[in-house]
Amino acid sequence: MRTNKKQYDRMVKGASPKSKVAKNCVWAFVVGGSFCVLGQILTEVYAEYMHFSLGDARQLASITLVGLSALLTAAGWYNRLARRAGAGTLVPITGFANAVVSPAIEFSTEGFVTGVASRMFVIAGPVIVYGTLASVAYGVILYVRARFGI
Amino acid sequence: MNYVWAFVVGGLICVAGQLLIDLTKLTPARILVIFVVSGVVLSAIGVWEKLVDFAGAGATVPILGFGHILAQGVEKAVAQSGFVGIFTGGMTACSGGVTASLMFALIASALTKSKSQS
Amino acid sequence: MYIKYKKPVAINCWASVAGKKEGEGPLADKFDETVADDYFGKDTWEKAETELQSRCIGHLLHKKVIDAQDIDVVLGGDLTNQITSTSFAMRNFARPFVGLYNACSTMAEALLMGACLVDGGFADNALCLASSHFCTAERQFRTPLDYGGKRTPTAQWTVTGCGSVLLESAGQNAFITSAQIGRVVDLGVTDANNMGAAMAPAAADTIKRFLQESGTKAQEYDVIYTGDLGKVGSILLWQLLEKEKIVLSNHTDCGNVIFGEKQNVQSGASGCGCGATVLAADILPKIMAGELNNILFVATGALLSPSTTMQGESIPCIAHLVNIKSKKEVQKK
């Protein structure tokens, strides 16, 4: 063949349609923003009407959103929304929940221990691993500063 | 106004994620990792707490807020229990969301099966 | 490797079964059966694909009015790990079985190997089949079905469908006269969401070599069908062949005909079942009806696994080709 890898890479870039960035961003903005508004409403309900501390109210709002996402995922609606919303469904905490719930549902055919439980964090695991390790690194800095007064 | 700022700030954070998806070769899983680690860093330098005061859930609901919770947790734990707090702070603080996720996931997997998208 | 069969191998009978989305597309009324339930009445996606294959074989035997016991050999495969969908369908069928895997090029591979067995006199007939199922492919190669993700514009939609073809030593509807066994080609595409781009060089290589070795020109064929290059891969195939001084004016990709414009499948369809169902539902009936007399069926396969993709490897691909002619065309020579 007369085409080498370098030339082909250019041909592929030319032939492949680009993502519709503007449209995608509008969707992400509206859907992502809406999840945050819902979180805000929930936080205020928990704090003002049910008298939780602000910190607890925020935790409870997150937990409620996680539950909502699980419900939407189980009903098969979350991925329908995500097909348009992209990062609007990925970045909020609901996206994290969807990443945990969807493999659990998917691999239930492989059993509750070897399927559901072992595959549950196959997508969301990295977030917990690197998030926690980042907090450990921050903790070391805080500890050293407190201990040695730097 | 709380709702407006929650919407705008939360929406813009998602737009940042969308731009990373569309304009870079980063996969969604990598973007989430970058976001959560950024959340820890932004919280550590004090930026995120200010944004939370300003935008409320607009700053706590995105996965960056998850990083903020981890950072706050480790701050509190190191202040209270010193060295051990380095290890216990993050996980303790984020345990609510993680536990809720795995509990709902187990329930969902028992009640439904995977659905075709066609 | 170019194969010229000593005697044309006959295709008398074929069948296809497709899923819900395919049943809403342009070929809807051409399949022998479309099934609205993608689970096919089973409780796992893998069992569903096995059932899909069993039903397709059932239709073929019914049309041909022969017993399973009269089938000499079965050649086939699918996309699931260890091609279990096909092997498990064969568990009930209990005929001699050659399991094949060359990803989405499996149907052409089965046809050219089956034709060798029949032409060589080792078998009176050979049943060739290939299937894919959107859900088994998605959960194995990509993400869980309920995971929320946006499909990139170059992504292709795996067909839920099975096509089967019965090869015989004598017959009248259509004939395989020659074939080309493809080589593995890799021009460095690493994006597993752009399979068409990865596979186009393999198709170009096989078509070019076949035309050279058979001493024919692309224009001599009524249609040159490729398996599942989709929109992006088709454009790249034309460009690649243009550089080789081959003009492809009579090309159709099966991945561009099975779904309609409004079915939201980005760059088109893919999967073993894509080429196999279009062959059995559209191409062979047209040859029997005399609408087409001389075609090339070039099925392409991307030979990757989820592990190789994560390890950053580029995607090696292959294309196999069979030349199918009508009775009129065969008698002409």
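Reckoned from all heavy atoms, side chains included, excluding hydrogens, waters and symmetry mates. In the text below, chain A, chain B and the rest are named by the order of the sequence lines, each starting its count at 1. Please read all numbers here as calculations on a predicted model, not as lab measurements.
Taking chain A as the reference chain and counting heavy-atom pairs below 4.5 Å, the highest number among B/I63, B/V41, B/L19 is found for B/I63. For the set A/V31, A/V136, A/T132, A/L90, the count of heavy-atom pairs under 4.5 angstrom toward chain B peaks at A/L90. Between chain A and the options B/S114, B/G10, B/G89, the largest number of non-hydrogen pairs under 4.5 Å is found for B/S114. Most heavy-atom pairs under 4.5 Å with chain A, from the set B/A29, B/A79, B/G90, B/A6: that is B/A6. No other option in A/V101, A/N98, A/L71, A/V91 has as many heavy-atom pairs under 4.5 Å with chain B as A/V91. Highest contact tally toward chain A, considering only B/T99, B/V8, B/T60, is held by B/V8 [criterion: heavy-atom pairs under 4.5 Å]. Heavy-atom pairs under 4.5 Å with chain A were tallied for B/G56, B/A77, B/G11; the largest tally goes to B/G11. Considering only heavy-atom pairs separated by less than 4.5 Å from chain A, the leading option among B/A71, B/G85, B/S43, B/G73 is B/A71.
Using a 4.5 Å cut-off between heavy atoms, B/K113 contacts chain A through its backbone alone, with no side-chain atom that close. Using a 4.5 Å cut-off between heavy atoms, B/V52 touches chain A through backbone and side chain atoms alike. Using a 4.5 Å cut-off between heavy atoms, B/F83 contacts chain A through both its backbone and its side chain. Contact annotation for B/Q72: neither backbone nor side-chain heavy atoms come within less than 4.5 Å of a heavy atom of chain A. Heavy atoms of A/N79 lying under 4.5 Å from chain B belong exclusively to its side chain. The part of B/F66 that comes within reach of chain A is its side chain, from C-beta onward, which places non-hydrogen atoms under 4.5 angstrom from that chain. For chain A, the nearby part of B/I21 is the side chain; its heavy atoms alone come within less than 4.5 Å.
Residues satisfying the salt bridge (Lys or Arg N to Asp or Glu O under 4.0 Å) criterion with A/K13, sequence neighbours excluded, are A/D9. Residues satisfying the salt bridge (Lys or Arg N to Asp or Glu O under 4.0 Å) test with A/R10, not counting sequence neighbours, are none. For A/E110, the salt bridge (Lys or Arg N to Asp or Glu O under 4.0 Å) partners two or more places apart in sequence, or in a different chain, are C/R139.
A distance-only check finds no donor-acceptor pair linking the side chain of A/K18 to the backbone of B/L23 [under 3.5 Å]. A/N4 contributes a side-chain N or O that, together with a main-chain N or O of A/Q7, makes up a donor-acceptor pair within less than 3.5 Å. A distance-only check finds a donor-acceptor pair linking the side chain of A/T89 to the backbone of A/G86 [under 3.5 Å]. With hydrogens and angles disregarded, a donor-acceptor distance shorter than 3.5 Å links the side chain of A/Q40 to the backbone of B/A57. Not a single donor-acceptor pair under 3.5 Å links the side chain of B/E49 to the backbone N or O of B/G46.
Contact annotation for residues 43-62 of chain A against chain B (heavy-atom separation below 4.5 Å, listed by residue number): A/E44, A/R58, A/Q59.
Atoms CG and CG, from A/L38 and A/L68 in turn, are 6.5 Å apart once rounded to the nearest 0.5 Å.
A/V122 and A/P103 make their closest contact through CG1-CB, 4.0 Å (heavy atoms, listed as atom of the first residue, atom of the second, distance). Taking both residues in full, the closest heavy atoms of B/D22 and A/V21 are given as OD2-CA, 3.7 Å, listed atom of the first, atom of the second, then distance.
In this structure, A/Y138 and B/E75 have side chains that are in contact, with non-hydrogen atoms separated by less than 4.5 Å.
B/Y3 OH: more than 12 foreign heavy atoms inside a 6.0 Å radius.
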